[in-house]
Amino acid sequence: MSRERELRHHLARHLEDLGALRSPAWRRCFEVVPRHRLIPRFRPYVQGRLLEEIDATRPDSEAAWIEYAYRDLPAITRVDERGYFTSSSSMPSLMARMLKLLEVRDGDTVLEIGTGTGYNAALLCERLGSEQVTSIDIQADLVEEARGRLAELGYHPHLAIADGVGGYPERAPYDRIICTGMAWPIPTAWLEQVRPGGRIVSVVPEGCVALERREDETASGHYDRESYRFMPIQPWPGTDSERIATAFAQATADRESAYPLSVLDAGGSAERSFQVLVRALVSPAPKVFEHAGDRYLWSLEDDSWARFPAGSRIVQQAGPRRLWDLVESLFERWCRLGAPNRERFGLTVTPAGEHTLWLDRPDSEHRWAVPDVLLERGSDH
Ligand SMILES: C[S@@+](CC[C@H](N)C(=O)[O-])C[C@H]1O[C@@H](n2cnc3c(N)ncnc32)[C@H](O)[C@@H]1O
């Protein structure tokens with residue numbers, strides 16, 4: 001057996017051991033599709049550190065290239081000038097979990113949002129046949145590079161340069177939609193473009209949801225058990241020094257805090273299930289930072305913030321929402337509910353774009369409407 005086939009075999013077994021890969025059909029795909037051929041240049045990302053580029057065209061890199069490609073690690077292929085990752089081949093175990101959640105059947109058509117390197121598209125083509133697969137990416141050069149590499153491997157999905165927020169109506173309806181970036185909110189175009197009974201699998205802040213499109217045109221389903229941190233597909237709110245200065249200049253409402261800032265991580269570092277509530281209901285990407293010895297929680301959506309002065313139990317809040325009041329009441333509710341695991345939470349999205357988080361069932365008495373301010377995505381960055 002060649003070295004690369006052996007490595008693929010080990011990777012597939014590792015994914016099975018993790019429970020990420022269950023079906024023989026998907027196992028075969030992971031055994032067959034050569035990930036290394038789709039990532040000829042990338043930067044390894046190991047334990048939170050971005051390492052030096054591996055370039056397969058350099059003869060001394062070949063071994064490192066092939067070995068890394070079959071580790072359960074992401075390969076970063078684009079980094080912007082601010083240092084944010086803008087494309088990668090994701091961790092194979094998370095990819096396998098998402099493909100499992102997609103529950104494809106032979107003959108299904110799939111729209112993938114986020115072609116990236118083309119590796120996931122290749123897996124879909126291997127599983128369903130190229131003619132069933134449509135994959136789009138917003139970065140034109142990525143699409144063209146993926147097209148060439150996929151063709152060399154014998155895969156010919158329909159590829160296009162498009163903004164996935166609008167889906168891809170040209171080939172709709174689809175049986176399945178999979179978004180390999182983080183979406184928030186879930187675009188309503190996807191609900192329109194998936195068949196009734198079809199599924200939408202997408203990464204959302206801190207998690208991944210598998211939504212079933214129902215006859216009433218809503219889409220509903222549970223979170224996966226794992227934590228996912230993928231790059232956003234919608235503009236993410238930024239800030240500037242003027243806005244920060246204005247927000248800082250506001251008078252604060254002060255009181256004693258019932259809990260330390262660290263309750264945000266409640267539920268354990270792996271599960272972080274409290275984060276499902278925080279990300280959906282307080283801020284999709286809350287900023288937690290230290291400044292002049294004080295600690296802060298900041299929501300870039302509306303510049304609401306809370307400060308925890310060093311060495312005191314006081315919390316000072318300012319801005320349109322009282323962030324810490326929200327966190328504390330959600331935390332108490334989460335505790336009363338018995339600190340539920342991540343996969344007990346679910347999400348319902350309506351054609352009008354309303355998002356509701358729930359526990360166990362969509363009609364549960366434990367439901368939370370996601371506030372509009374967290375569903376608006378401007379273009380301020
Ligand atoms: C994690 S990567 C995708 C990985 C890919 N599935 C693979 O197997 O290599 C996320 C991708 O989403 C793309 N993307 C970001 N925003 C997008 C948007 N609005 N529409 C479509 N693609 C988008 C990025 O260009 C990036 O390539």
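In each ligand, atom 1 is the first atom listed, and ligand 1 is the first ligand listed.
- Although no hydrogens or angles enter the test, the distance criterion places a donor-acceptor pair under 3.5 Å between the side chain of Q234 and the main chain of W184.
- Annotation: ligand 1 has protein neighbours T86, S87, S88, S89, S90, E112, I113, G114, T115, G116, T117, G118, Y119, N120, D137, I138, Q139, L142, A162, D163, G164, T180, M231, I233, each with a heavy atom less than 4.0 angstrom from the ligand.
- Applying the side-chain hydrogen bond (donor to acceptor under 3.5 Å, both in side chains) rule to pairs touching residues 281-294 yields S283-E301, sequence neighbours excluded.
- Legend: side-chain hydrogen bond (donor to acceptor under 3.5 Å, both in side chains) pairs involving residues 316-329, not counting sequence neighbours, sorted by first then second residue: D254-Q316, R255-D325, R255-E328, S257-W324, S257-E328, S299-R321, D302-R321, R307-Q316, Q317-D325, W324-E328.
- Between Y223 and Y228, the ring center distance fails the sub-6.0 Å criterion.
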Note to self: What verdict does the salt bridge (Lys or Arg N to Asp or Glu O under 4.0 Å) test give for E226 and R342, after you've listed the backbone C-alpha separation in whole Å, the side-chain angles of each residue and the deciding distance to 0.1 Å?
What the structure shows: CA-CA 8 Å; E226 296 294 318; R342 186 187 289 272; over 6 Å; no
Indicate every side-chain donor-acceptor pair of residues 73-80 with a distance under 3.5 Å to a residue at least two apart or in another chain.
{"unit_1": "T77", "atom_1": "OG1", "unit_2": "S87", "atom_2": "O", "d": "3.1"}
{"unit_1": "T77", "atom_1": "OG1", "unit_2": "S88", "atom_2": "N", "d": "3.4"}
{"unit_1": "R78", "atom_1": "NH2", "unit_2": "D141", "atom_2": "OD2", "d": "2.8"}
{"unit_1": "D80", "atom_1": "OD1", "unit_2": "R82", "atom_2": "N", "d": "2.9"}
{"unit_1": "D80", "atom_1": "OD1", "unit_2": "G83", "atom_2": "N", "d": "3.1"}
{"unit_1": "D80", "atom_1": "OD1", "unit_2": "Y84", "atom_2": "N", "d": "2.9"}
{"unit_1": "D80", "atom_1": "OD2", "unit_2": "R82", "atom_2": "NE", "d": "3.4"}
{"unit_1": "D80", "atom_1": "OD2", "unit_2": "R82", "atom_2": "NH2", "d": "2.9"}

